[in-house]
Protein chains: 2
Amino acid sequence: MTEKTGPPGAPRRMRADAQRNVDALIKAARAVFDTSGVDAPAKEIADLAGVGVGTLYRHFPLRSDLVKAVVESGIDACAAAGPQLSAVHEPGEALAEWLRQYTEFLGTKRGLAPALHSGDPAYEALPGYFLEKVGPALTALLDTAAADGAVRDDVSAHDLLYAIANLCMPVPGEGPEYNQRMVALLIDGLRTPHQGVSSGD
Amino acid sequence: MTEKTGPPGAPRRMRADAQRNVDALIKAARAVFDTSGVDAPAKEIADLAGVGVGTLYRHFPLRSDLVKAVVESGIDACAAAGPQLSAVHEPGEALAEWLRQYTEFLGTKRGLAPALHSGDPAYEALPGYFLEKVGPALTALLDTAAADGAVRDDVSAHDLLYAIANLCMPVPGEGPEYNQRMVALLIDGLRTPHQGVSSGD
DNA sequence: GAACTATACGGAAAGGCTTTCCGGTTATGC
DNA sequence: GCATAACCGGAAAGCCTTTCCGTATAGTTC
């Protein structure tokens with residue numbers, strides 16, 4: 001991230017038009033990513049945002065920084081939903097529903113998941129951010145559900161977050177429902193009391 | 001694929017040196033992909049194979065064609081292991097072990113899985129090829145296991161193949177064991193008799 | 001409200017990678 | 001051994017990201 005509203009005591013403040021452009025760029029990027037995928041040329045994004053490429057790169061030195069920014073905004077939204085759900089539903093339900101939403105977020109932004117998993121070191125920090133943001137929420141959901149006996153207790157939030165992120169990778173002939181279905185399958189596994197792969201019939 | 005040993009009645013035969021170069025290129029590509037990842041410059045591969053880039057592109061017009069060729073050879077190896085395993089182990093075991101090997105294949109070639117799932121239309125045909133090659137073997141394993149009551153019957157070989165391929169995506173801080181563990185979790189889900197995500201207690 | 005300065009802007013240039021093209025080379029058939 | 005057509009290598013073209021720099025403008029001071 002570049003420079004949001006200055007932290008207390010920060011010597012520099014971002015110029016208003018700059019901030020405006022940053023916002024416009026993130027918004028444009030989100031739109032273009034949806035339309036043309038994350039590999040769309042930077043110029044397309046700059047054009048949509050009504051700025052030059054120079055401006056884009058001023059704020060997001062690496063192309064991947066822009067992707068990161070877009071993802072982070074999505075993550076924040078996800079994180080917010082956690083406590084909310086657990087307030088309304090019972091533990092098992094809350095967990096399942098939260099995972100469903102999470103799956104949807106990742107599945108819808110086609111092309112995002114592949115980029116995140118492209119091995120580009122730029123994205124390595126992202127899951128950490130993700131974990132930091134939603135980890136506590138998910139951990140809480142998991143703990144409650146586990147205490148309730150609804151799920152096994154040997155799978156961490158970390159495990160689950162990554163595994164689901166992987167299961168959300170688009171599959172050529174299939175739509176997001178496929179991903180949902182596979183996540184559901186994984187969750188059924190989660191509900192299995194510790195079977196182990198080769199512990200027999 | 002380009003032009004293997006001519007099909008019966010094919011009017012053209014590939015020149016000997018051309019065939020040699022094709023082989024060298026695939027071999028070189030496999031090596032380079034292991035070393036520098038699938039995004040390594042084409043020149044690196046051409047150099048290792050001892051040919052010019054022109055030659056590389058003559059045989060593999062798109063960069064992705066080379067990746068495809070490498071993957072296909074890996075797929076063939078996997079396919080061969082299927083019947084062999086089911087001959088030696090009992091159904092459930094055979095399935096689990098096969099999936100384990102499959103996971104290993106995908107997990108080891110880091111960078112390959114991301115490329116395959118990059119959304120590049122060039123790779124869309126690949127899973128089809130995969131399915132065609134190992135689908136029958138896996139289907140057989142699944143059917144036997146299902147008849148045995150060891151696994152549920154509403155998940156197809158197709159579903160599983162893709163889902164596992166996704167779960168094999170590398171995760172920054174983790175090694176292949178992580179992927180194995182998550183695949184195991186999915187398989188536990190497979191062993192659950194049809195629970196459904198939100199039909200819980 | 002006008003002038004000044006630092007910050008930000010836009011687009012052109014640079015650099016790198018894939019893909020195309022073409023003159024030279026080499027295998028193959030006579 | 002010669003003719004011919006397939007093939008080779010590397011240089012050129014094209015596209016994209018990233019850098020650079022002269023110009024415009026927000027914010028500040030008088």
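Every chain is numbered from 1 and lettered A, B, ... according to where its sequence line falls, protein lines coming before strand lines.
- Taking atom CG of Leu56(A) as the reference point, atom P of dT18(D) lies 10 Å away to the nearest angstrom.
- Closest to the side chain of Pro41(B), out of dC9(C), dT19(C), dC17(C), is dC17(C).
- The side chain of Asn21(A) places an N or O atom within less than 4.0 Å of a non-bridging phosphate oxygen (OP1 or OP2) of dC9(C).
- Look at CZ on Arg58(A): it is 11 Å from C1' on dA6(C), rounded to the nearest Å.
- Here the P atom of nucleotide dT19(D) and the CZ atom of Phe60(A) are 15 Å apart, to the nearest Å.
- The side chain of Thr55(B) places an N or O atom within less than 4.0 Å of a non-bridging phosphate oxygen (OP1 or OP2) of dG9(D).
- Side-chain nitrogen and oxygen atoms of His59(A) include at least one within less than 4.0 Å of the OP1 or OP2 phosphate oxygen of dC9(C).
- Separating the CD atom of Gln19(A) from the P atom of dC9(C) is a distance of 11 Å, rounded to the nearest angstrom.
- Residue Tyr57(A) places at least one side-chain N or O under 4.0 Å from the OP1 or OP2 atom of dT18(D).
- In this entry the distance linking CG of Asp47(B) with C1' of dG9(D) reads 11 Å, nearest Å.
- Taking atom CD1 on Ile45(B) and atom C1' on dT19(C), their separation rounds to 14 Å, with Å as the unit.
- Scanning all heavy atoms of the two residues, the minimum distance from Lys43(A) to Val53(A) falls at CA-CG1, 3.8 Å.
- Rounded to whole Å, atom P of dC15(D) lies 15 Å from atom CD of Glu44(A).
- Look at Arg20(A) and Asp17(A) and you find no salt bridge, because none of the NZ, NE, NH1 or NH2 atoms lies under 4.0 Å from a carboxylate O.
- Checking dT18(D), dC9(C), dC8(D) against every side-chain atom of Leu62(A), the shortest atom distance belongs to dT18(D).
- Of the candidate nucleotides dA12(C), dC22(C), dA8(C), dA8(C) has the atom lying nearest to any side-chain atom of Met14(A).
- Distance check: Ile26(A) CD1 to Phe33(A) CZ gives 10.0 Å after rounding to the nearest 0.5 Å.
- Map Gly54(A) and Ala42(A) each onto its nearest nucleotide of DNA chain D; the residue landing nearer the 5' end is Ala42(A).
- Lys43(A) places its NZ atom 15 Å from the C1' atom of dA13(C), with the value rounded to the nearest Å.
- Note that the CG atom of Leu56(B) and the CD atom of Glu44(B) stand 12.0 Å from one another [nearest 0.5 Å].
- Each of dG10(C), dA27(C), dA12(C) was ranked by its minimum atom distance to the side chain of Val51(A); first place goes to dG10(C).
- Atoms CZ and CD1, on Arg30(B) and Ile45(B) in that order, are 12.0 Å from each other to the nearest 0.5 Å.
- A donor-acceptor contact under 3.5 Å is not formed by the side chain of Arg15(A) with the base of dA8(C).
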